[in-house]
Novice: 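Right, I'll just put the structure down here and ask away after.
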Amino acid sequence: MSLYLGIDVGTSGTKTLLVSSSGVVIAEANATYPMEQPRAGWTQQDPEDWWKATVKTVRQVMRKAKCKPADVKAIGLSGQMHGSVFLDAKGQVIRPAILWNDQRTANECDEITAAAGGRSKLIKMVANPALTGFQAPKILWLRNNEPRNFKRLSKVLLPKDDIRRRLTGNYITEVSDASGTLLLDVVKRRWSTRLLSKLELDKSLLPDVVESHEVTGTLTPEAAKTLGLTTDCKVVGGAGDCAAGAVGNGVVKKGVLSTSIGTSGVMFVHSDEPQYDTAGRLHTFCHAVDGAWHMMGVNLTSGGSLQWWVESVLQGLAGISGSNLYEAVTKEAQACPAGSQGLLFLPYLNGERTPHADPDARGAFVGLNLMHQRGAMTRSVMEGITFALRDSLEIITDLGVPVREIRASGGGSKNPFWRQMQADVFGKKITTLAVEQGPAYGVALLAMVGDGAYKNIQAACKATIEVADKTAPQRSDAKAYNQLFPVYQQLYGQLKSSMNTLATLQ
Ligand SMILES: Nc1ncnc2c1ncn2[C@@H]1O[C@H](COP(=O)(O)OP(=O)(O)O)[C@@H](O)[C@H]1O
Ligand SMILES: O=C(CO)[C@@H](O)[C@H](O)COP(=O)(O)O
């Protein structure tokens with residue numbers, strides 16, 4: 001028997017899947033860990049927590065499946081992107097890892113842009129502008145703010161690649177996650193020696209880069225023993241969670257987009273060429289598909305905004321308690337008409353990336369009146385999150401990218417009411433898959449390709465992925481959203497200066 005492990009080192013926890021070569025999920029396990037916020041806008045985690053969660057979940061799926069260790073032929077790794085694990089020459093972690101949603105590096109983003117000779121020159125070099133969450137500004141932040149730690153620095157790894165180091169002993173990343181460092185020449189799929197030299201950073205700080213399906217090593221005897229696997233088990237490159245999730249959704253060819261409403265929100269499109277938005281609003285990264293790229297818009301607090309609204313604000317109020325919190329609030333939201341009676345919500349609770357790269361953007365309800373009840377407010381939170389995704393969709397379609405179908409995924413898309421809202425706001429048919437397992441599933445498929453079970457990732461997706469559900473737009477609600485969306489789009493510009501001042505007062 002040939003089995004494959006997909007491990008996704010997420011922000012709230014690690015998810016591990018054991019999958020057969022025909023794509024059936026045999027067992028799954030999750031383990032959570034905390035996120036530290038030492039100051040407003042700063043986010044950190046201990047890489048040791050990721051390793052413990054990896055060991056725990058792999059051992060759990062092996063126990064559940066009762067299979068032989070030798071049956072597990074290969075592992076695919078996925079994870080939260082952009083985070084930085086700082087290591088010394090002995091492979092010891094120097095300080096807590098700084099995460100994708102951390103906002104401390106605004107000065108370093110300016111420093112990078114200036115060193116590159118301006119924003120458009122930087123975009124030409126690495127296909128993207130400098131954004132606070134990316135890895136390169138974090139390395140500069142360490143140099144500027146913790147010089148003693150910087151002196152000890154020998155390697156910087158992305159979260160899932162730190163797990164690879166512990167599994168194989170090798171310091172390797174792959175093209176999709178490396179794209180989010182801002183140090184990869186995304187067009188040539190190799191480190192940008194030009195930008196590295198302008199930033200006076202040594203290339204030896206970075207790991208080697210491979211394609212996502214390539215084998216990066218086998219388990220060390222120690223790792224094999226700890227996980228209950230064998231030293232023949234391969235570890236393939238894998239992918240950052242956005243590209244891995246897209247592979248798991250079958251977004252490996254032109255014309256299909258995927259949206260994900262998790263903590264963050266992502267609108268993702270496959271591209272056969274390295275196409276990019278010259279204004280830098282979308283990210284252009286290498287896809288986990290050999291020789292392909294992708295563009296994506298990312299909202300930093302997407303499902304995270306609804307989670308804040310439901311779990312921090314509404315929870316405990318009359319009728320909103322117990323294990324069915326989201327069902328209870330959805331019922332109230334559904335009772336309010338599309339457009340939330342003229343109420344709009346801006347989901348910029350922790351700054352924003354697409355289309356407003358602004359660490360000091362903030363959230364807002366605009367248009368409140370005495371008629372509005374709890375249901376209208378919940379509905380407007382869901383609508384605001386969906387409008388934020390439509391911002392990305394409009395940039396993608398304005399670039400001339402054809403959109404035939406949108407595949408919805410993530411915790412938010414499990415809710416049929418929200419799927420219908422997405423169809424209505426986007427004006428497109430929304431599809432969901434029979435088994436939606438996200439990034440961990442995508443990298444299990446890449447592991448199959450690396451092991452030779454399929455000739456490429458397109459063949460693996462074709463053999464394993466099945467569309468289950470289709471939701472078409474409803475004309476009347478779509479019309480209400482089309483009236484509201486231009487007002488939503490104006491609000492950021494109108495409120496930016498007040499939001500930025502308020503951010504200094506928090
Ligand atoms: N029943 C539900 N209805 C609507 N949204 C939900 C529901 N359950 C979870 N969510 C949303 O899904 C998000 C979590 O999605 P998930 O894909 O698990 O995120 P992540 O991988 O980032 O942890 C939550 O922030 C919440 O907004
Ligand atoms: O920053 C990005 C992508 O550019 C985020 O999508 C993170 O990669 C999110 O990780 P999770 O919250 O899904 O773990």
Novice: Main chain of Leu282, side chain of Thr354: is a donor-acceptor contact present, judged purely on distance under 3.5 Å?
Specialist: no
Novice: Identify the two heavy atoms, one from Ala288 and one from Ala239, that lie closest to each other, and give their separation to 0.1 Å.
Specialist: CB-CB, 3.8 Å
Novice: Glu146 and salt bridge (charged side-chain N to carboxylate O under 4.0 Å, His left out): which single residue from Lys138, Arg95, Arg104, Lys151 fits?
Specialist: Arg95
Novice: Taking the six-membered ring for Trp, are Tyr326 and Trp418 ring centroids under 6.0 Å apart?
Specialist: no
Novice: Count the heavy atoms of every other residue, nucleotide or ligand shown that sit under 6.0 Å from CD of Gln506, and state whether that count exceeds 12.
Specialist: yes
Novice: Can you name the one residue among Trp293, Phe134, Phe268, Tyr276 that meets ring-ring contact (aromatic ring centres under 6.0 Å, His included) with His283?
Specialist: Phe134
Novice: For Glu222, I'd like to know if atom CD has over 12 heavy atoms of other residues, nucleotides or ligands within 6.0 Å.
Specialist: no
Novice: Could you check whether Asp391 and Gln489, counting side-chain N and O atoms only, form a donor-acceptor pair closer than 3.5 Å?
Specialist: yes
Novice: Keeping Thr16 on the side-chain end and Ala29 on the backbone end, is there a donor-acceptor pair under 3.5 Å?
Specialist: no
Novice: Is any side-chain heavy atom of Val236 closer than 4.5 Å to a side-chain heavy atom of His213?
Specialist: no
Novice: Given 3.5 Å as the limit, does a donor-acceptor pair link the side chain of Arg353 with the main chain of Asn299, or not?
Specialist: no
Novice: Pick out which of Trp50, Trp51, Tyr33 makes a side-chain hydrogen bond (donor to acceptor under 3.5 Å, both in side chains) with Thr14.
Specialist: Tyr33
Novice: Can you tell me if Ser409 uses its side chain to pair, donor with acceptor, with the backbone of Thr259 under 3.5 Å?
Specialist: yes
Novice: Apply side-chain contact (heavy atoms from CB on, under 4.5 Å) to residues Thr181 and Trp191 and explain how you reach the verdict.
Specialist: CA-CA 10 Å; Thr181 60; Trp191 294 123; 3.5 Å; yes
Novice: Yes or no on side-chain contact (heavy atoms from CB on, under 4.5 Å) for Tyr488 and Val366, after CA distance, side-chain angles and deciding distance?
Specialist: CA-CA 9 Å; Tyr488 170 88; Val366 181; over 6 Å; no
Novice: Do you see a donor-acceptor pair shorter than 3.5 Å between the side chains of Thr216 and Arg164?
Specialist: yes
Novice: At what distance, to the nearest 0.5 angstrom, does CE of Met296 lie from OG of Ser392?
Specialist: 10.0 Å
Novice: Can you confirm whether the side chains of Thr43 and Gln37 place a donor and an acceptor under 3.5 Å from each other?
Specialist: no
Novice: Taking atom CD of Glu352 and atom OH of Tyr492, what is their separation to the nearest 0.5 Å?
Specialist: 9.0 Å
Novice: Quick one: does Ile396's side chain get under 4.5 Å of Asp277's, heavy atoms only?
Specialist: no
Novice: Would you mind reporting whether Val403 and Phe426 have side-chain heavy atoms less than 4.5 Å apart?
Specialist: no
Novice: Tell me the closest heavy-atom pair linking Val126 and Val186, and the distance in Å.
Specialist: O-CG2, 3.4 Å
Novice: So do the side chains of Leu205 and Lys155 get within less than 4.5 Å of each other, counting heavy atoms only?
Specialist: no
Novice: With no hydrogens and no angle check, do the side chains of Asn144 and Glu108 hold a donor and an acceptor under 3.5 Å apart?
Specialist: yes
Novice: Relative to Phe485, does Arg390 satisfy both conditions: NZ or CZ under 6.0 angstrom from the six-membered ring centre, and within 45 degrees of the ring's axis?
Specialist: yes
Novice: Could you pull out the closest heavy-atom pair between Asn30 and Glu28, with the gap in Å?
Specialist: ND2-OE1, 4.3 Å
Novice: Quick one: does any side-chain atom of Thr220 pair with a main-chain N or O of Ala223 as donor and acceptor, under 3.5 Å?
Specialist: yes
Novice: What's the verdict on side chain to side chain donor-acceptor pair (under 3.5 Å) for Ser78 and Asp241, showing C-alpha distance, side-chain angles and the deciding distance?
Specialist: CA-CA 5 Å; Ser78 171; Asp241 61 359; 5.8 Å; no
Novice: Could you go through the side-chain contact (heavy atoms from CB on, under 4.5 Å) check for Val443 and Leu446 one step at a time?
Specialist: CA-CA 5 Å; Val443 287; Leu446 285 164; 4.1 Å; yes
Novice: Would you say the side chain of Leu157 lies within less than 4.5 Å of the side chain of Thr173, judging by non-hydrogen atoms?
Specialist: no
Novice: For a 4.5 angstrom cut-off between non-hydrogen side-chain atoms, does Ile112 reach Leu182?
Specialist: yes
Novice: Taking atom types as modelled and ignoring hydrogens, do the side chains of Asp451 and Tyr4 form a donor-acceptor contact shorter than 3.5 angstrom?
Specialist: yes
Novice: Check this for me: does any side-chain nitrogen of one of Glu174 and Lys160 sit under 4.0 Å from a carboxylate oxygen of the other?
Specialist: yes
Novice: Regarding Gln45 and Gln80, do their side chains bring together a donor and an acceptor under 3.5 Å, going by distance alone?
Specialist: yes
Novice: Does the pair Val55 and Leu227 meet the rule for a side-chain contact (heavy atoms from CB on, under 4.5 Å), with working shown?
Specialist: CA-CA 6 Å; Val55 173; Leu227 296 176; 4.0 Å; yes
Novice: Is there a donor in the side chain of Ser413 and an acceptor in the side chain of Gln422, or the other way round, less than 3.5 Å apart?
Specialist: yes
Novice: Could you state the interatomic distance from NE2 (His287) to OG (Ser271), rounded to the nearest 0.5 Å?
Specialist: 9.5 Å
Novice: Between Glu48 and Lys52, is the closest basic N to carboxylate O distance under 4.0 Å?
Specialist: no
Novice: Between Thr301 and Asn350, does any side-chain donor sit less than 3.5 Å from a side-chain acceptor?
Specialist: no
Novice: Just by modelled atom types, is the Arg165 backbone N or O under 3.5 Å from a matching donor or acceptor in the Thr168 side chain?
Specialist: no
Novice: Donor-acceptor pair, Asn128 side chain versus Thr284 backbone, under 3.5 Å?
Specialist: yes
Novice: Keeping the roles fixed (side chain from Thr397, backbone from Glu394), state whether a donor-acceptor pair exists under 3.5 Å.
Specialist: yes
Novice: Under the 3.5 angstrom rule, does the side chain of Asn145 hit a backbone N or O of Trp141 as a donor-acceptor pair?
Specialist: yes
Novice: Spell out, as yes or no, whether a donor-acceptor pair under 3.5 Å connects the side chain of Arg143 to the backbone of Phe150.
Specialist: no
Novice: Under 4.5 Å between any side-chain heavy atoms of Leu77 and Ile75, yes or no?
Specialist: yes
Novice: Looking at Asp358 and Lys496, is any side-chain nitrogen of the basic one under 4.0 Å from a carboxylate oxygen of the acidic one?
Specialist: yes
Novice: Flag the pair Asp88 and Arg152 as a salt bridge only when some basic side-chain nitrogen lies within less than 4.0 angstrom of an acidic carboxylate oxygen.
Specialist: yes
Novice: Quick one: CG on Asn456 to SG on Cys461, what's the gap to the nearest 0.5 Å?
Specialist: 9.0 Å
Novice: Testing the basics here: between Gly238 and Ser176, what is the closest heavy-atom pair and its distance to 0.1 Å?
Specialist: O-OG, 4.5 Å
Novice: Could you state the interatomic distance from OG (Ser258) to CE (Met267), rounded to the nearest 0.5 Å?
Specialist: 8.5 Å
Novice: So which heavy atom on Val247 is nearest to which on Gly442, and how close?
Specialist: CG1-O, 3.7 Å
Novice: Under a 4.5 Å cut-off applied to non-hydrogen side-chain atoms, are Tyr171 and Asp208 in contact?
Specialist: no
Novice: Quick one: closest heavy-atom pair of Pro137 and Thr132, and the distance?
Specialist: CG-O, 4.4 Å
Novice: To the nearest 0.5 Å, how far apart are CG in Leu199 and CG in Leu183?
Specialist: 6.5 Å
Novice: Any Lys/Arg nitrogen of Glu111 or Lys198 sitting under 4.0 Å from an Asp/Glu carboxylate oxygen of the other?
Specialist: no
